[in-house]
Undergrad: 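Just passing along the structure, written as structure tokens.
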Amino acid sequence: MLFVGTASLVMPGLVRAWRGEAAPPDVVLTNALLLNIALILLGWNRFKVLNAELKARTVSEQEARRLADIDHLTGCQNRRSFTAALGQMLGQIDPCESALAVIAIDLDNFKQVNDLNGHQVGDEVLYATAQRIERLLPPGGVLARLGGDEFICALPYHSRAPNRIDQIATRMVEQVARPVACTGGEIDITISIGIASSIQLDETGLGTASAQRLMHKADIGMYHAKKQGKNRFYWFEAPMENELRFRNELESGIRKGIAAGEFKPYYEQQIDLESGALVGFEMLARWESPEMGVVGPDIFIPIAEDIGVIGELSEKLMAQAFEDAKNWNAKLTLSVNISPVQMRDPWFAQKLLKMLVQHNFPANRLDVEITESCLHENVGIVRSMITSLRNQGVQISLDDFGTGYSSLSQLRSLPFDRLKIDRGFISDLKEEHGTELVDAILSMSEGLHLPVTAEGIENEAVLEALKCMGSMKGQGYHYGRPEPADKVIERLDAKGLLANKETGNVTKIAFGDKPDRSEGGAQAG
Ligand code: C2E
Ligand code: CA
Ligand code: CA
């Protein structure tokens, strides 16, 4: 306005003065006009700069929002953006016609891939998996990585054609199972899948609450798939929810039970069949749960392995067992079971030897039982572990022999001290042709120069049959059930087989000494 005002006053005067028709206009007014023009130019320039700044900020804000919504490793969505998107998708479906399937995907044994090959390879596997899954999604499908090795996707489908989702899940399982080419070689990975449908929600509707409920149901289906053996898919069903709740209670019960010392070593007698002498005990873990009573290892060992506490649990049990066994006659051996999961720890042998020193327990009284399934994992690690332990005098037995398909060459290449014939074969001795397999195993062990222990001797008939087959050790319910430490003490006291503290026979056997392992064992009295 100022410009218009001053310009209308000054400009006509200036034009007339320029033409020589009048005197030049007032100097103050002319200067005011010039100042005005300068101000306008300055303002215009500032406006342009501000505008550019605003545009740049909007773009970077959009980029930041986009980056906050994606998973940087795989480029798919993340938990936050997926939940929001699923909430919206749920609000948009027509309940009569269409439905939404949520597919929860978890890589099987991904931790092992990371541990064995490093995180770089782990990342490559995650990226390749995301790519393979994304390619199978129909239009409108969304894929997200929730973190770690967990993926989830949402896809619309016709509510009367759930088969379509079955087909997609089947293809996902197949496609991901193809080897992934990574730095340094090919990696095999599989996935477990759980599927839930919006039809299974009590009430559909917009919002993250419904989205989260649906994601949780898919997750439950996925856990079920894991439990059924992995590399497969399951649709969510209501009873799975109770199973999972029970499983969660067991998991937290096990964690608390370990801290509270509720896991106790029980002991099963091992006998020299020929002489009938007691030669040692196998430690078998029991959970004395205040809520559930005495729980067997078949229930809690697999869970302890899954939740990563098997090492801690086993160490506590062994520590207790070493202390218990120090009260027994020094000729009695102690056998402990080791889980395949523990054998993946390259420091396992060192840890065990350190424990022996800490508890002042002679290595030559210890017998470590490993199952055949350990041999399939990493024979190299197993061999070096066995060698370190044997160098210190610990004996190594191959447990459940005959159930794990180990090859003869594997058996020959690993320095075992003993084979334990699985109780499945021993119970067959009751049958008419039951002796044939045990005979075969015995002649094989003879060929390998390995002494044997027969497990699961349940009655006199089986015992007699075994005695006719050669000399061996044996154990089983025929000699009594596994019993707690105080019962073992009573049993040993009656036989005069307690440690002779005065003569100090507990510590007389030095670390690494050659053990006295004559099958004659410790004779009563
Ligand atoms: P296993 O090493 O084969 O142990 C022998 C199992 O057979 C024990 O079951 C024992 O109670 C049972 N048994 C003994 N005699 C007889 C018999 O005459 N007939 C029958 N039918 N069974 C008999 P339990 O104590 O339930 O242990 C099951 C498995 O759990 C063990 O099998 C072992 O593999 C594992 N386990 C036990 N304690 C531990 C532990 O501290 N750590 C690890 N990693 N595994 C353990
Ligand atoms: Ca065993
Ligand atoms: Ca066994």
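Numbers for residues simply follow the sequence, beginning at 1. We count ligands from 1, going down the list as the structure has it; atoms in each ligand are counted the same way.
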Undergrad: Ion pair present between Asp486 and Lys264, side-chain N to carboxylate O less than 4.0 angstrom?
TA: no
Undergrad: Suppose we only count N/O/S atoms under 3.0 Å; would Glu282 qualify as near the Ca ion (ligand 2)?
TA: yes
Undergrad: Considering just N/O/S atoms, say which atom of Glu455 is closest to the Ca ion (ligand 3).
TA: OE2
Undergrad: Is there a polar contact, in the sense of an N or O pair closer than 3.5 Å, between Ile310 and ligand 1?
TA: no
Undergrad: Are more than 12 heavy atoms from other residues, nucleotides or ligands located less than 6.0 Å from atom OH of Tyr223?
TA: no
Undergrad: Is at least one protein non-hydrogen atom found at under 4.0 angstrom from atom 32 (O) of ligand 1?
TA: no
Undergrad: Do Val394 and Leu356 make a side-chain contact, defined as non-hydrogen atoms from C-beta onward lying under 4.5 Å apart?
TA: yes
Undergrad: Ligand 1 versus Glu282, non-hydrogen atoms closer than 4.0 Å: side chain, backbone, both, neither?
TA: side chain
Undergrad: When you measure from atom 9 (O) of ligand 1 to the protein, is at least one non-hydrogen atom found at a distance under 4.0 Å?
TA: no
Undergrad: So which bit of Asp400 gets within less than 4.0 Å of ligand 1, heavy atoms only: side chain, backbone, both or neither?
TA: side chain
Undergrad: Just let me know how Arg286 lines up against ligand 1, side chain, backbone, both or neither, with a heavy-atom cut-off below 4.0 Å.
TA: side chain
Undergrad: Is it true that Glu282 and Asn337 share a donor-acceptor pair across their side chains at a distance under 3.5 Å?
TA: yes
Undergrad: Ring pair (Phe, Tyr, Trp, His ring centres under 6.0 Å) between Tyr266 and Trp287: does it pass, once the steps are laid out?
TA: CA-CA 10 Å; Tyr266 276 47; Trp287 178 15; over 10 Å; no
Undergrad: Is Asp399 in polar range of ligand 1, meaning some N or O pair under 3.5 Å apart?
TA: yes
Undergrad: Heavy-atom distances under 4.0 Å decide this one: backbone, side chain, both or neither, for Glu268 against ligand 1?
TA: side chain
Undergrad: Is a donor on one side and an acceptor on the other found under 3.5 Å between the side chain of Glu323 and the backbone of Gln320?
TA: no
Undergrad: Counting C-beta onward and ignoring hydrogens, is there a side-chain heavy-atom pair between Leu273 and Lys473 closer than 4.5 Å?
TA: no
Undergrad: Please report, to 10°, the angle around the Ca ion (ligand 2) from atom OD1 (Asn337) across to atom OD2 (Asp399).
TA: 90°
Undergrad: With heavy atoms only and a cut-off of under 4.0 Å, state how Glu455 meets ligand 1: side chain, backbone, both or neither.
TA: side chain
Undergrad: Which one holds for Pro482 and ligand 1: side chain close, backbone close, both close, or neither close, with close meaning a heavy atom under 4.0 Å?
TA: side chain
Undergrad: Cationic tip of Arg232 within the cone over Tyr234's six-membered ring, i.e. under 6.0 Å and within 45° of the normal?
TA: no
Undergrad: Kindly give the atom name of the N, O or S atom of Asp400 closest to the Ca ion (ligand 3).
TA: OD1
Undergrad: Would the number of heavy atoms belonging to other residues, nucleotides or ligands and lying under 6.0 Å from OH of Tyr479 be above 12?
TA: yes
Undergrad: Counting heavy atoms only, which of Asn337, Val341, Ile370 is nearest atom 42 (N) of ligand 1?
TA: Asn337
Undergrad: Report, in ascending order of atom number, the atoms of ligand 1 lying under 4.0 Å from any heavy atom of Ser339.
TA: 44 (N)
